[in-house]
Structures are given as structure tokens and as C-alpha cells.
2 protein chains.
Amino acid sequence: MHQTFDAALEINLLHANQEGADRNRDRFDEWDITCLNVMSSPGAGKTVLLEQTLAALNQDVKIAIIEGDMTTELDADRLRKYDIPVIAINTGRSCHLDSRMVAGGIHSLEHQYDPSLFDLVFVENVGNLVCPAEFEVGEHAKVALLSVTEGEDKPLKYPVMFREADCLLITKIDLAPYLDIDIQRIETNVRQINPHVNIIPLSAKTGSGMEMWFNWVISQLKTSNKSLLVEV
Amino acid sequence: MHQTFDAALEINLLHANQEGADRNRDRFDEWDITCLNVMSSPGAGKTVLLEQTLAALNQDVKIAIIEGDMTTELDADRLRKYDIPVIAINTGRSCHLDSRMVAGGIHSLEHQYDPSLFDLVFVENVGNLVCPAEFEVGEHAKVALLSVTEGEDKPLKYPVMFREADCLLITKIDLAPYLDIDIQRIETNVRQINPHVNIIPLSAKTGSGMEMWFNWVISQLKTSNKSLLVEV
């Protein structure tokens, strides 16, 4: 996070954010909604992942999206094509979503829809491998994406995100043959930081690994319907 | 940057950083050193760019590196192989270098070497497409990297970095054939944010575009020796 030249202020900032996150989570719980916070560097494939997840699960799982971007609604517009509620939050100069911004998104959801009808809210965070990991927004689990193009050493160099993740998706594995990269080495580096995280290598382009991801999402639902699980 | 829930505090923070950056730049000027601040998302290729730049220019240009990473000295160790001063700064939880950290790096340089012997200091920032752009460190120019794997829309979605850049390197163009990407579209999107920025598409793997980059670096030197320019 940004150093504020004042440790006490930083603690207050994170403490206020945490209180807000707890309130958001209480709202989600009240409605039996699972909230997943999706985070990564810019361009690791968060939006295309959500597009394909909507295409696969939208018939059986009632999904809404809270979409964070510094500027533009480019990603929000891509997701709106799936005819679901997409609440766009422009963070301006802020490098991450915080619990106050997401509370605003929940407020919009509550006033435009009946929130008790939803099973799942994805929060798509600002593209940043550092800051979003430190600011809970009320999620029940954190999903981090790391593209194979980013390199094997990233879990060691940016440990906060990898320590916090409940599910780590290694994306764009279709590009691995063109790179000097070892996916097993990425996994070993991730496990060094976070031994028990779920790791799913996948490609949204070829579909490889996507069903494992859909199953993981379904396993997180409070209103879980085992019949949705796909055999992989 | 992180919202601090206090606009006046944010202004003070940036103001204090700017004063420190101006002091750092005064030191560099005193020694006829050009300082270039190299910034991008994690894995866009900053370190390999610097490795190849050292290999190409190290004979003729006296270079030192200030290397920022949250944790580890993995990148610093890669650059130390070129037998030049590499001052590693671990930022801990901080998502960017600030002018105070770089002042510490300058202090080390000054006490271990004769700084007046150097022509060029590269600052390799923490991998983050958002925050480093807002914190000057005393550089004379800002170099931003965007990998083709990150997607065409990133200049529009993360405008601060692209607005601030003096030189934009579109990296990993050797991967373009495997992606659904139009490099011309990236350039058009960058120019929408920053019409006069230097844009150099390149590949550190194939060498394509690298000599244009070396020439740009040489053109920035205070002690510029035109004989170093390569015909491209």
C-alpha cells in the first residue's frame, strides 16, 4: 500500500476498511449471497474469465457483478451483454476497490433489484497485483489470477496477493509453448507462500481447466446445488 | 493511489514526495547523471530490458541501477551479473518507490562510489501500472512498458501511467501472432491519452526494436556522445 509517513494512520485506514468489509459481508450473508473478490495484474484475464463463467453458469446460478475500474466502463459493458446486473464503480485515482466503494455497489444492487434472489456476486477489482490484496471488500473468498506471461518469480516478488488468495488461477496456459516458462515452477513458488491454496491452471481461449474453475465456484455457493458440478 | 479518506493529507503526501524528488534531481544534475524511471505491470519485461541495455551500452555509458522490489533481490541479482552498481531497495508493503526511498539509494551510491563518474541511473520501479506514476523519484524522464499480452484497452483503463510517460515501450511483440491483438490499436489508444509520447514496439527476445530504444536512451544523456547512436 502507499506509505503515508504515519504508521498509526495506516493502521486506522486498514481498520476502518475492515469494519466496512465486515458490514458488507453481513449484508451478503443476510441474502445468502457468496461474494468472490477477483484480483490480478492488468491484462491477466479477469474479464474474459467472468465472461466465460457467466456463459457457463448464468442459467443455473443467479449472478451479479460489481466492476471496479479507474476510468471507463469498457469491462462493465462486456459483462452487460450477459443480461445480468453489472454495477460499475470508477475508482478515479484509487488503485484498488475498498469496502466503502463496494458498499456503494451493494446499495445500488439493493435499490434496483431484490438482492435475496442472487446466489453470487463477483467483485472484479482494479488491475493491480499489489494493493487490492490488502483491502477486504466483504468477500467470502479471494481469487487471484497470474498469467503465464508474467513469469515464474511473481509469487515470490509480490507475496501479499499470493498469501491472501483462496484460489489461484494460472491463466493463458495456451501461451506457455511460446514462453520460456515452467508452470510447475510457478506452482512450487506459489506453494512456498501459501501451501494450501487451490491452484487451477487454465486457458479461457482453449477451455482447458475451465470446468475445474466452474466447479470451484459452485463449491463456494451457500445455495450450492451439487447437480451443477461437472465431472472433470 | 490509496484513498486516505482525507484529501488534504493526500495533497501533503504528494507534496512532500515532490519536494524529495526535486532534491534527488538536483543531486543527479550536480553529477551530470540522467535518471530514467522504468515502470510497468509485473512481468512486462523491465528487468530483461535492463539486462539487454546493459549488455549493449555498458562499455560506453557508465550505468548504475536503483532496483525497487517489495521483497527479494531476484531482479537485483540478475543485473549484478553485469558488474555495475545495483542498489536494491525492498519496499516491503509499499506498492511503489517514493522519493525518500530513492534518496536512500542515492546516499548508498554516493558513499560506495564516485557518483560523478556515472552517466545514467535507471530506477526499476515496483511492478504496478497504477501507483508508481504518481510518485516522482527525481527522474528526468519516465519510461513505461506495456506488454502486448496485457491487451489493447489498457491505456484507456489506466490513463495516469500513459499520460505521464515520456517513452512508451510496447514489449513482447514476438507474441503478437499468438494473440488477438492489434499493435496499431494500442498505439492509437496511447496517443488518445498522450499524443506526443515516443512509442517503440520491441521484443527483447528477437531484438526487434531494441536499437531504437538504445538510441532513445543515448539521446537522453547529458554527456551524450552522438557516435554511440546506431543507425536503424
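Numbered from 1 within each chain, the chains take letters A, B, ... in sequence-line order. Computed from a predicted model, the values in this text were never measured in an experiment. Just the heavy atoms: all of them, side chains too, but no hydrogens, waters or symmetry mates, feed the values below.
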Handout entry: When B:V160, B:N12, B:D69 are compared by non-hydrogen pairs under 4.5 Å with chain A, the top option
Key = B:D69

Fill in the blank from the handout: Pair count under 4.5 Å, heavy atoms only, with chain B: among A:G151, A:G45, A:G43, A:P42, highest is A:P42

Handout entry: Other residues, nucleotides, ligands: >12 heavy atoms within 6.0 Å of B:D26 CG
Key = yes

Exercise for the section: Tell me, for B:L156 versus chain A, whether the close heavy atoms (under 4.5 Å) come from the side chain, the backbone, both or neither. Expected result: both

Exercise for the section: Can you see which heavy atom on B:G127 is nearest to which on A:Y158, and at what distance? Expected result: N-OH, 2.9 Å

Problem - Gap separating the CG atom of A:D174 from the CG atom of B:L179, nearest 0.5 angstrom - result: 8.5 Å

Practice task
State, yes or no, whether a side-chain contact exists between A:L129 and B:N128 at a heavy-atom distance under 4.5 Å.
Solution key: no

Fill in the blank from the handout: For B:V130 and A:M70, the nearest pair of non-hydrogen atoms, with its separation, is CG1-CE, 3.5 Å

Practice task
Using non-hydrogen atoms and a 4.5 Å limit, figure out which bit of B:T72 sits close to chain A: side chain, backbone, both or neither.
Solution key: side chain

Fill in the blank from the handout: dist B:E150:CD -> A:S147:OG (nearest 0.5 Å) comes out at 9.0 Å

Problem - Pairwise distance CG(A:L74) to NZ(B:K154) - rounded to 0.5 angstrom - result: 9.0 Å

Fill in the blank from the handout: Rounded to the nearest 0.5 angstrom, the NZ-CD distance for A:K157 and B:E73 is 12.0 Å

Exercise for the section: Nearest 0.5 Å please: distance from the CG atom of B:D153 over to the CZ atom of A:R78. Expected result: 6.5 Å

Fill in the blank from the handout: The interface call for A:D75 against chain B, heavy-atom contacts under 4.5 Å, is side chain

Problem - Basic-acidic side-chain contact under 4.0 Å: A:K205, B:D180 - result: no

Problem - From NZ (B:K172) to CG (A:L175), nearest 0.5 Å - result: 10.0 Å

